[in-house]
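Only a predicted model underlies this, so the values are computations on that prediction, with no experimental measurement involved. Naming: A, B, ... by sequence-line order, numbering from 1 per chain.
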There are 2 protein chains.
Amino acid sequence: MEHPENSKEYKGLQVNGGVEQPSIVNPYLKRGRFHHNELSAADMVDGILKGNVTILSQAVTLVESVNPDHHAKAQEVIEKCLPYSGNSIRVGISGVPGAGKSTSIDEFGIHVLKGHGGKLAVLAIDPSSERTKGSILGDKTRMEKLAQHPDSFIRPSPTAGSLGGVARKTRETIILCEAGGFDKIFVETVGVGQSETACHSMVDFFLLIQLAGTGDELQGIKRGIMEISDGIVINKCDGNNVDKCHMAASNFRNALHFFPRSESGWMPKVLCYSGFYGKGIKEIWDMVYEYVDFVKDNGYFQYRRNEQNKYWMYESINEHLRDSFYNSDVIQRQLKMAEKSVLGGEKTSFAAANDLVETYFQEIKK
Amino acid sequence: MEHPENSKEYKGLQVNGGVEQPSIVNPYLKRGRFHHNELSAADMVDGILKGNVTILSQAVTLVESVNPDHHAKAQEVIEKCLPYSGNSIRVGISGVPGAGKSTSIDEFGIHVLKGHGGKLAVLAIDPSSERTKGSILGDKTRMEKLAQHPDSFIRPSPTAGSLGGVARKTRETIILCEAGGFDKIFVETVGVGQSETACHSMVDFFLLIQLAGTGDELQGIKRGIMEISDGIVINKCDGNNVDKCHMAASNFRNALHFFPRSESGWMPKVLCYSGFYGKGIKEIWDMVYEYVDFVKDNGYFQYRRNEQNKYWMYESINEHLRDSFYNSDVIQRQLKMAEKSVLGGEKTSFAAANDLVETYFQEIKK
């Protein structure tokens, strides 16, 4: 049975734009009847480099596949795309649920494509998407303008279990998109858990969408997120809400003085806008481009990308080591007991850790 | 040759109070002629439980020893003290260099001993102390009132290399001190690097000492530290500086609204004081005790201690795993190359990590 996407391709149809569905709903993938291997890795790379979005989306599906058989081919495609990646501006976009992320990204995307040309890929990191079947980007109607734009590529969050897995796949997808000529990458993330940190570690600029509230604007937001933001933008600055937004902006600006200056030397800006009415969007993207000029000028841009590359290597090593430990049979049997003896005051945390690690190494050396 | 501390002990001399010198300057320890094994582990525990401070400090020196021969005995002493530990209030005290930490701790300590009785141990976490020979607590004249107080025990930071090692030793020292009847523990830390996080993870209350500055009070301080503080106190609120301090306090209070409410349900307070003139000290400790009542009441006190115990177990496991990996010969040989190939765009971070981990496991299974 032929894959419907492949057959379109064979007829020479180019499917630019449109929202990719999460791979979890792809029945071919689930049943192991995934026919993307009809294209060789080299053919895939060739198609991606030529800007074929259908092939790009097949490659992304391959990267996201949980089938171990696809792994080697996926890595081959990524490795071959790697030399062609990197030529983009990567922007992370975060905000609490209800902040209007989708409408905003729709407006941002259209503005950026109109004002700066090029091609835009919108990706996401949402480790909860497996459970919720995609709490972000799952619904194509949420970015309807972008979804119809010929130079956009919208892809929901990969649905692998762990944040590490999801982040890896999103990061590999960035490589494929960049090789495919996408010179603007948005990475959307929800404002919960550790996903912003992961998102922040793969973008050049981190944009936080806020709402004007009752003076406790940040009560709903995760600790530390203001500190990693390069720009804070307050949405829904329209109608009766304008004064409240300007007040909130001024409060945020004051609060920013209480954060240490970021490593880049950039002082984060606070702006108001209305995603719904499309007002104040230009100023936001002027800020992003101003930032990019600023950090390209002082060398921080490339420095940060190098640091991110190293970060992901070390993060990935540590995750492998932890996985091997915590997934080993002997540790799974003994961990709860060890925790109990620590909480019961029979062993110190350090002694319990020592014992477990010793047991683990004895086991794997067997 | 007999250890001078031992000989005092044999003559029945009790050395209460006084500042312990960093163990790094103890020549016996360095030359492996460390005669503390004249006391058995059981005798040490017995001495500690009886409140013998000389034996307590010998036990701490044993815990801090880098000599592997001392390790088993140290662990035995700690384990035997463990059931007698936990009955204290642990307060972390941090602040940038120049904030007046030592003078403040001196005043705080005297106030707490006077107002609440009991015994006070002042410990420290300063991973830089090996390099700088103790940048904090190295100079006994800096806490001269406490140093002469019979119910105090002042101990400089352990001088082991890594933060993990230093933190472990400080945490084990807390156990020994608590078993020795010290019901108030101060853990001093410098406002740099990761030491505050480590300190925060072993105390009940985290106090941040600040100065009133030029509106950018926090520019010198590490990211995230305001968010983990249960109380922020502004020092040098005296003379011409009073108005500036009150202004700074009000700014800090406003800024705190921009931080998410802490897990404990406690809203951090901001107070002004003068360490030098001993003004406003009572209010600070009323706050600490108010906090302790608050979290004992809502159950967070014990919850947090349990979480800390688990945290250190898992942290310690992860550190062991990382150490084993990064110290292995094969990784030491290959790591720089791997980093280079990632930075050169030849391999993705994930592929490089995979290769290294595979090599490592092959090696240790040999």
Checklist entry - By a 4.5 Å heavy-atom criterion (distance strictly below it), what part of Leu321(A) contacts chain B: side chain, backbone, both, or neither? => result both
Next on the checklist: Which atoms of Glu346(A) are under 4.5 Å from chain B, going by heavy atoms: the side chain, the backbone, both sets, or neither?
Outcome noted: backbone
Checklist entry - Just wondering, are more than 12 heavy atoms of other shown residues or ligands nearer than 6.0 Å to CE in Met337(A)? => result no
Next on the checklist: Glu263(B) vs Arg304(B), test: salt bridge (Lys or Arg N to Asp or Glu O under 4.0 Å). Steps then yes/no.
Outcome noted: CA-CA 9 Å; Glu263(B) 225 188 352; Arg304(B) 178 162 167 70; 5.7 Å; no
Checklist entry - Asn309(A) versus chain B, heavy atoms under 4.5 Å apart: side chain, backbone, both or neither? => result both
Checklist outcome for this item: Interatomic distance, SG@Cys199(A) vs CD1@Ile125(A), rounded to 0.5 Å, equals 5.0 Å
Checklist entry - Under a 4.5 Å heavy-atom cutoff, which of Ala352(A), Gly86(A), Gly345(A), Pro83(A) has the most pairs with chain B? => result Gly345(A)
Item to check | Check: Pro158(B) and Thr170(B) side chains under 4.5 Å, non-hydrogen atoms | outcome: yes
Checklist entry - Any residues in residues 327-335 of chain A near chain B, with a heavy-atom distance under 4.5 Å, and which are they? => result Leu335(A)
Checklist outcome for this item: Greatest number of non-hydrogen atom pairs under 4.5 angstrom with chain B, of Gln75(A), Lys366(A), Lys347(A), falls to Lys347(A)
Checklist entry - Is a side-chain donor-acceptor pair under 3.5 Å present for Asn354(B) with Glu358(B)? => result no
Checklist entry - So, does Glu339(A) use its side chain to make a donor-acceptor pair with the main chain of Lys310(B) at under 3.5 Å? => result no
Checklist entry - In Å, rounded to the nearest 0.5 Å, how long is the span from CG of Leu343(A) to CZ of Arg305(B)? => result 13.5 Å
Checklist entry - Okay, side chain of Ser316(A), backbone of Met313(A): is any donor-acceptor separation there less than 3.5 Å? => result no
Next on the checklist: If I measure from the heavy atoms of chain B, does Glu79(A) come under 4.5 Å with its side chain, its backbone, both, or neither?
Outcome noted: side chain
Item to check | Whether Phe350(B) and Trp312(A) hold their rings parallel, tilted or perpendicular, with breakpoints at 30° and 60° | outcome: tilted
Item to check | Side chain / backbone / both / neither for Arg171(B) at chain A, heavy atoms under 4.5 Å | outcome: side chain
Item to check | Region of Ser324(A) that comes under 4.5 Å of a non-hydrogen atom in chain B | outcome: side chain
Item to check | chain B contact via Tyr314(A) - which portion, at a heavy-atom distance below 4.5 Å | outcome: both
Next on the checklist: Please rank Asn306(A), Asn254(A), Leu356(A) by heavy-atom pairs under 4.5 Å with chain B and give me the top one.
Outcome noted: Asn306(A)
Item to check | Set of residues satisfying ring-ring contact (aromatic ring centres under 6.0 Å, His included) with respect to Tyr84(A), sequence neighbours excluded | outcome: none
Item to check | Partner chain A: residue of Tyr311(B), Tyr326(B), Tyr360(B) with the largest heavy-atom pair count (under 4.5 Å) | outcome: Tyr326(B)
Item to check | Minimum side-chain heavy-atom gap Phe361(B)-Ile364(B) below 4.5 Å | outcome: yes
